[in-house]
Amino acid sequence: MNYFTELPFPKFENAYSELQRLLEHKILIWGKQNQICLNSVESEPENYLLGSGSLTLDWDNAVQQNNNGSLKISPIKIKNPLRESDFNTLCNQFVGSVFEDMYILITSKYRVGRVRLMQSHPKSCLSWHVDNTPRLHYPLKTQEGCLMVIDNVAHHLPVNTWWMTDTLKKHTALNASNQSRIHLVCSILPTNN
């Protein structure tokens with residue numbers, strides 16, 4: 001099985017420094033889920049945090065159950081969630097930046113949902129989960145110890161490379177390093193609807 005396919009797209013080597021500039025000037029801040037969405041719904045072009053986190057599950061208000069010393073976390077389903085296809089407008093904060101160029105490239109090749117910057121802190125791991133779309137990844141900042149695992153196959157995605165990942169299978173991402181890891185992650189939607 002080929003869960004990771006490298007794509008021959010152009011490199012955007014100044015994307016990480018542009019992100020740092022936007023953060024330092026407080027044009028952007030990381031949301032609760034350590035995400036920043038490049039696109040939003042048409043009615044909210046300034047809201048780069050709207051697409052952060054899960055569209056269907058509320059992890060902030062999840063129910064925690066302790067059963068004989070074993071902790072289980074159960075998220076609450078969001079009523080009337082937004083859909084990936086609702087995110088069709090580049091946020092104003094990215095107009096004129098390298099991220100607009102990246103967005104134009106991606107949308108010229110695919111029908112997309114949310115396009116997010118995702119940061120994972122040192123010594124952290126996502127839950128084992130399945131997405132409802134494949135994901136395109138572009139690592140802006142990564143290092144040894146940062147891995148994506150799909151169906152028990154681990155792979156390091158090098159900085160400034162494009163990868164189509166089969167996230168329709170169970171997967172996780174982990175950062176076993178001592179530095180933050182940042183990827184641009186894009187939901188790829190089917191072309192027939």
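Worth saying up front: this structure is predicted, and the values here are computed from it rather than measured.
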Could you list the residues that satisfy side chain to side chain donor-acceptor pair (under 3.5 Å) with Glu44, not counting sequence neighbours?
Asn47
Applying side chain to side chain contact (heavy atoms under 4.5 Å, CB included), name anything that partners [X], two or more places apart in sequence or on another chain.
{"X": "Val149", "result": "Trp128, Ala154, Thr172, Leu174"}
{"X": "Pro10", "result": "Phe12, Leu105"}
{"X": "Lys32", "result": "Asp60"}
{"X": "Ser52", "result": "Gln33, Gln35, Leu49"}

The complete set of salt bridge (charged side-chain N to carboxylate O under 4.0 Å, His left out) pairs with one or both residues in residues 65-83, sequence neighbours excluded, reads Arg83-Asp86
Phe87: hydrophobic cluster co-members (side-chain, 4.5 Å):
Val41, Leu50, Leu55, Leu82
Transitive ILVMFWY cluster of Val185 at side-chain heavy atoms under 4.5 Å: who else is in it?
Met118
Listed partners of Tyr138 passing ring pair (Phe, Tyr, Trp, His ring centres under 6.0 Å), at least two apart
Trp162
Output all residues satisfying ring pair (Phe, Tyr, Trp, His ring centres under 6.0 Å) with His155, sequence neighbours left out; order by chain, then residue number.
Phe4, Trp163
Tell me the ring pair (Phe, Tyr, Trp, His ring centres under 6.0 Å) pairs involving residues 102-126, sequence neighbours left out?
none
Arg21/Glu24 ion pair, N-O < 4.0 Å:
no
Side-chain atoms of residues 90-98: list all donor-acceptor pairs with protein atoms under 3.5 Å, sequence neighbours left out, distances to 0.1 Å.
residue : atom : partner : partner atom : Å
Asn92   : ND2  : Glu46   : OE2          : 2.5
Gln93   : NE2  : Glu46   : O            : 2.8
Ser97   : OG   : Phe94   : O            : 2.7
Ser97   : OG   : Phe99   : N            : 3.1

